[in-house]
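Chain letters run A, B, ... following the sequence lines, proteins first and then strands; every chain starts at 1. Predicted model, so just to flag it, every value in this text is computed and none were measured.
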Protein chains: 2
Amino acid sequence: MRIGELSRETGVAVPTIKYYVREGLLPAGRLTSPNQASYDDGHVRRLRLIRGLMDVGGLSVSAVREVLAAVDSPERPVHKVLGAAQEAITPKSAVAPEGLEEARRTVAELVRRRGWHTDPDHPSAEAMAVALAAFRGIGRGDFLEVLDDYADACERVAAADLAWVGRNAEVDGLVESVVVGTVLGDAVLMAMRRLAHVDASARRYEKDAEGGAAPGAGGR
Amino acid sequence: MRIGELSRETGVAVPTIKYYVREGLLPAGRLTSPNQASYDDGHVRRLRLIRGLMDVGGLSVSAVREVLAAVDSPERPVHKVLGAAQEAITPKSAVAPEGLEEARRTVAELVRRRGWHTDPDHPSAEAMAVALAAFRGIGRGDFLEVLDDYADACERVAAADLAWVGRNAEVDGLVESVVVGTVLGDAVLMAMRRLAHVDASARRYEKDAEGGAAPGAGGR
DNA sequence: CGCTATCTGATAGTGAGACTATCTATGATG
DNA sequence: CATCATAGATAGTCTCACTATCAGATAGCG
């Protein structure tokens with residue numbers, strides 16, 4: 001397969017493919033002559049993975065590079081690789097809002113209450129603290145009343161994710177499953193949450209027969 | 001309050017505040033003389049809201065502008081405003097992957113199965129279809145096996161969200177609650193899901209006493 | 001063999017997005 | 001009255017993700 005065909009197959013422009021190769025996201029084609037290279041199904045898969053992570057997951061080129069580096073290290077202890085993948089996936093914010101310390105304590109408290117076996121310094125714990133501090137900062141500090149409901153939901157989701165990953169781990173790389181499940185799974189979850197909002201408020205709307213309070217009440 | 005104090009209060013640089021005013025995110029200060037204006041607590045709140053939506057929620061300036069336009073329209077039917085807010089919040093992707101049609105049917109089927117009162121053309125339904133098509137495209141089409149678990153989780157989350165919004169709707173604007181709850185809530189949910197992944201795999205890890213398959217097994 | 005489409009590899013340019021710098025004229029403050 | 005901050009305007013910067021253009025070299029068809 002030559003680059004033009006790869007481009008047609010995936011819908012990615014030829015110069016963009018070259019760009020990804022330069023950026024180290026995609027391995028170069030196998031040179032069959034000084035100015036001809038051939039690409040295979042692995043390239044197609046990889047390219048689709050890249051676009052999925054970028055378009056759907058919203059990752060930047062450099063984040064994708066880090067993620068793929070983790071995906072491509074079959075040696076090294078598995079949990080290290082997964083940790084690196086998670087780290088690369090987690091968007092790091094440089095901001096330090098006011099109530100961050102307090103929010104961190106809230107997160108630690110939640111983790112303790114749920115009995116979760118997680119490091120309180122995990123980047124995701126920090127990300128959560130930042131989000132909670134933002135709620136606080138705009139006067140919606142009472143959001144933490146819903147945290148336990150969220151935690152219930154997350155436990156269920158995590159169990160499903162774990163089972164899914166375990167089910168097709170052998171197919172084509174464990175780490176890739178985790179990355180894809182995490183990044184694209186987020187997108188699915190967010191979209192579905194909005195649909196559930198619409199449904200929930202539609203029900204309430206019908207019952208009340210009057211436009212009361214509800215999130216996402218609008219049909220398009 | 002003058003602009004310097006507003007800047008110190010919120011941690012946003014003065015030229016950036018001016019930029020937001022130019023861009024229509026923030027109302028201008030009340031002019032007390034041709035070259036002095038005064039800002040109040042409303043500006044502080046609004047500025048923190050803007051930064052929260054951008055830094056934590058990842059919205060662009062133009063998305064924030066649309067969202068705030070919805071927040072600032074107290075007239076007009078409530079559900080219309082909420083619909084506009086949701087629309088502005090939903091990231092629209094211009095891509096049209098291959099299995100999109102099939103994915104759309106999968107979403108419609110899910111909605112039917114759950115008995116959700118939602119328009120199948122809702123932007124979030126489309127976003128979900130795009131994500132599912134991406135799973136398919138990289139050979140993980142079996143992800144749809146977890147959709148019902150996700151849906152259970154989302155129903156729970158949506159119920160909690162609805163209750164929360166209803167609880168503090170009077171405080172300071174219903175639409176703002178919805179927007180904040182949706183955008184920042186997403187961030188909380190994503191972070192928490194990762195923590196739950198770590199926990200779930202930690203448990204499995206300990207039980208198996210051998211590095212098996214698990215998402216997010218990494219420490220820190 | 002000739003011809004045109006395509007390819008590699010390299011360098012430079014583009015357009016959007018989110019600020020940031022600089023400047024002028026003016027007013028605030030001690 | 002000296003110093004500092006401010007409004008408003010314009011232009012510049014920096015990053016990101018491409019995209020355009022070239023030169024030189026095949027591919028492969030008739």
Side-chain angles (χ1 to χ4, degrees), chain A residues 1-40 43 46-68 88 91-95, chain B residues 1-40 43 46-68 88 91-95:
Chain A
M1 184 187 300
R2 299 199 303 175
I3 201 171
E5 197 177 344
L6 178 59
S7 170
R8 246 166 284 123
E9 188 75 17
T10 60
V12 179
V14 170
T16 303
I17 295 174
K18 290 183 178 183
Y19 167 67
Y20 290 160
V21 171
R22 282 202 302 281
E23 292 296 315
L25 306 189
L26 189 70
R30 190 176 42 81
L31 277 180
T32 58
S33 80
N35 68 334
Q36 293 293 298
S38 83
Y39 303 83
D40 58 20
H43 289 93
R46 172 57 66 101
L47 209 36
R48 282 208 245 263
L49 175 59
I50 292 168
R51 297 311 300 224
L53 294 176
M54 292 182 76
D55 294 343
V56 178
L59 296 200
S60 65
V61 165
S62 64
V64 171
R65 181 168 40 231
E66 287 178 58
V67 167
L68 294 180
K92 43 241 169 212
S93 62
V95 282
Chain B
M1 185 188 301
R2 300 197 304 175
I3 202 171
E5 198 178 342
L6 178 60
S7 171
R8 247 166 283 123
E9 189 75 16
T10 59
V12 179
V14 169
T16 303
I17 294 174
K18 290 184 178 182
Y19 167 66
Y20 289 161
V21 171
R22 280 201 303 282
E23 292 297 315
L25 307 190
L26 190 69
R30 189 175 44 82
L31 277 180
T32 58
S33 79
N35 67 335
Q36 293 291 297
S38 83
Y39 303 82
D40 58 20
H43 289 93
R46 172 56 67 101
L47 209 37
R48 282 208 246 262
L49 174 59
I50 293 168
R51 297 312 300 225
L53 293 176
M54 292 183 74
D55 294 343
V56 179
L59 296 201
S60 66
V61 165
S62 64
V64 171
R65 181 169 39 233
E66 286 177 59
V67 167
L68 293 180
K92 42 243 173 210
S93 62
V95 281

side-chain N/O A:Y19 vs D:dA20 OP1/OP2, d < 4.0 Å: no
Nucleotide of D:dC18, C:dT8, D:dT26 approaching A:P34 most closely (side-chain heavy atoms): D:dT26
B:D55 CG - C:dG17 C1' separation (whole Å): 15 Å
Gap between atoms NZ and P, on B:K18 and C:dC23 respectively (whole Å): 14 Å
Whole-Å distance separating the CG atom of A:L47 from the P atom of D:dC18: 11 Å
Interatomic distance, A:I17 CD1 vs C:dA10 P [rounded to whole Å]: 17 Å
First of A:R22 and B:I3 reached from the 5' end of DNA chain D, by closest nucleotide: B:I3
A:E5 CD to D:dG28 P, straight-line distance once rounded to whole Å: 12 Å
Minimum-distance nucleotide (side-chain atoms of B:Q36 versus D:dA5, C:dT8, C:dA18): D:dA5
Whole-Å distance separating the CD1 atom of B:I50 from the C1' atom of C:dC19: 14 Å
Side chain to side chain, A:V61 and A:Y19, heavy atoms closer than 4.5 Å: yes
Short side-chain N/O contact to C:dC7 OP1/OP2 from A:S33, under 4.0 Å: no
Residue A:T16, side-chain atoms from C-beta onward, closest of D:dT6, D:dA25, D:dT19: D:dT19
B:R65 CZ - C:dG17 C1' separation (whole Å): 11 Å
Of B:S60 and A:R2, the one whose closest DNA chain C nucleotide lies more 5': A:R2
Nearest non-hydrogen partners of B:R65 and B:E23, listed with the distance: NH1-O, 2.8 Å
Closest to side chain of B:L31, choosing from D:dA7, D:dT19, D:dG24: D:dA7
Most 5' of A:Y20 and A:N35 on DNA chain D, judged by nearest nucleotide: A:Y20
Any A:R30 side-chain heavy atom under 4.5 Å of A:H43 side chain: no
Rounded distance in Å - CG (B:L59) to C1' (C:dC19): 17 Å
Flag side-chain contact, heavy atom, 4.5 Å: B:R51 against B:T10: no
Non-hydrogen atoms of A:V12 and A:S7 that approach each other most closely: O-OG, 2.6 Å
